[in-house]
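Since the structure comes first, as structure tokens, the remarks are kept for the end.
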Protein chains: 2
Amino acid sequence: MAAMSDADLLFKALADKGRRKLLDRLHAQDGQTLGQLCRHLAMTRQGVTQHLAVLEAANLVTVRWRGREKLHFLNTVPLQQVYDRWICKFEKPRLKALSSLKRRLEGGQG
Amino acid sequence: MAAMSDADLLFKALADKGRRKLLDRLHAQDGQTLGQLCRHLAMTRQGVTQHLAVLEAANLVTVRWRGREKLHFLNTVPLQQVYDRWICKFEKPRLKALSSLKRRLEGGQG
DNA sequence: TTGACATGCAAGTATATACTTGCCTATTAT
DNA sequence: ATAATAGGCAAGTATATACTTGCATGTCAA
């Protein structure tokens, strides 16, 4: 397979529903083991392992071993980079973007 | 092929270097014809057509016919949705995110 | 009305992807 | 020591993806 750029690794990692679900699961609870993550996907352990490997390659997930357990941690830095490079840049009406941000920061989810 | 969710269509559309290049080209100049877009990709016209179809399916590109020419327009709304659903939510340290936004809005690129 | 231009449609191929099954290894608990 | 647990590695399969080539169609200009 040809070497993929960071952006390719990242977007391809995000381009699968199962992998996005894994990110959601880690967002809900960080540092889960492979076994824990498997419980939420209708898929064999190997399938999940392979998805996690893709997320690792994209640097969206980091791993730490604890004995025989493999702990998985979310890394959100690449997502920030997606924003900087592919979303911020494409915000056509700049003021609209600004106002929607203000709305989010002031009103929402705080 | 199984029906894909909006998010799938969107991320898969973004998960190809050629398609991202097309988006960049349309960002540089909106409303280009197929022929114009072809000039920047080392690929046959059909290849480009197929990539554009993927972008259309993801609602990232909109099309208008002018006589025999097909004009392509960027639609940034789905990118905004990526931000709302996949980036904003995952900004782990909320205050850091806020400060980097402030930096962008006040200092940068203005 | 004929030719050149802009694009569409269909089929074919090679590679990549998403998954599985089967077996191997390392850690932990009894 | 042994068995259960947590996970790794490799190979195999089916489907999807990224392309290509060849031919057909609609539009414009002379």
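In this text, all values refer to a predicted model and were calculated from it rather than measured experimentally. So you know, we letter chains A, B, ... as the sequences are listed, proteins then strands, and number each from 1.
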Identify the heavy atoms of [X] and [Y] that sit nearest to each other, and give their distance.
X: B:Y83; Y: A:I87; answer: N-CD1, 3.8 Å
X: B:A58; Y: B:L9; answer: CB-O, 3.5 Å
X: A:L79; Y: B:W86; answer: CD1-O, 3.6 Å

Got a second to check how far [X]'s [atom1] is from [Y]'s [atom2], nearest 0.5 Å?
X: B:L52; Y: B:L60; atom1: CG; atom2: CG; answer: 11.0 Å
X: A:L10; Y: A:M4; atom1: CG; atom2: CE; answer: 11.0 Å
X: A:F73; Y: A:D30; atom1: CZ; atom2: CG; answer: 6.0 Å

Tell me which nucleotide among [options] gets nearest to the side chain of [X].
X: A:R68; options: C:dG8, C:dT20, D:dA4; value: D:dA4
X: A:L34; options: D:dG8, C:dT7, C:dC19; value: D:dG8
X: B:K70; options: D:dG8, C:dT7, C:dT21; value: C:dT7
X: B:R19; options: D:dA18, C:dA18, D:dG8; value: D:dA18
X: A:E69; options: D:dC23, D:dC19, D:dA6; value: D:dA6

Can you run down the side chain to side chain donor-acceptor pair (under 3.5 Å) pairs that involve residues 40-53 of chain B, sequence neighbours left out, and say none if there aren't any?
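Counting only pairs at least two positions apart or across chains, the side chain to side chain donor-acceptor pair (under 3.5 Å) contacts touching residues 40-53 of chain B are B:R19-B:H51, B:R25-B:H40.
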
Closer than 4.0 Å, any side-chain N/O of [X] to the OP1 or OP2 of [N]?
X: B:H51; N: D:dC19; value: yes
X: B:T49; N: C:dT7; value: no
X: B:T44; N: D:dT20; value: yes

Between atom [atom1] in [X] and atom [atom2] in [N], what is the gap in whole Å?
X: B:M4; N: D:dT15; atom1: CE; atom2: P; value: 16 Å
X: B:L37; N: C:dT7; atom1: CG; atom2: P; value: 9 Å
X: B:L71; N: D:dT27; atom1: CG; atom2: P; value: 14 Å
X: A:L14; N: C:dT17; atom1: CG; atom2: P; value: 14 Å
X: B:L52; N: D:dT17; atom1: CG; atom2: C1'; value: 16 Å
X: A:D16; N: D:dT15; atom1: CG; atom2: P; value: 17 Å
X: B:D8; N: D:dT15; atom1: CG; atom2: P; value: 18 Å
X: B:M43; N: D:dT17; atom1: CE; atom2: C1'; value: 12 Å

Comparing nearest nucleotides in DNA chain C, the 5'-proximal residue of the pair A:G18, B:Q46 is B:Q46

Please compare B:R45 and B:Q50 by the position of their nearest nucleotide in DNA chain C and report the one closer to 5'.
B:R45

So, with a heavy-atom separation below 4.0 Å from DNA chain C, the residues of residues 54-67 of chain A are A:G67

Distance-only, no hydrogens or angles: does the A:N75 side chain make a donor-acceptor pair with backbone N or O of A:N59 under 3.5 Å?
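Judged by distance alone, yes, a pair lies under 3.5 Å.
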
Which residue lies toward the 5' end of DNA chain D, A:H72 or A:K12, if each is placed at its nearest nucleotide?
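Mapping each residue to its closest nucleotide by heavy atoms, the 5'-most match is A:H72.
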
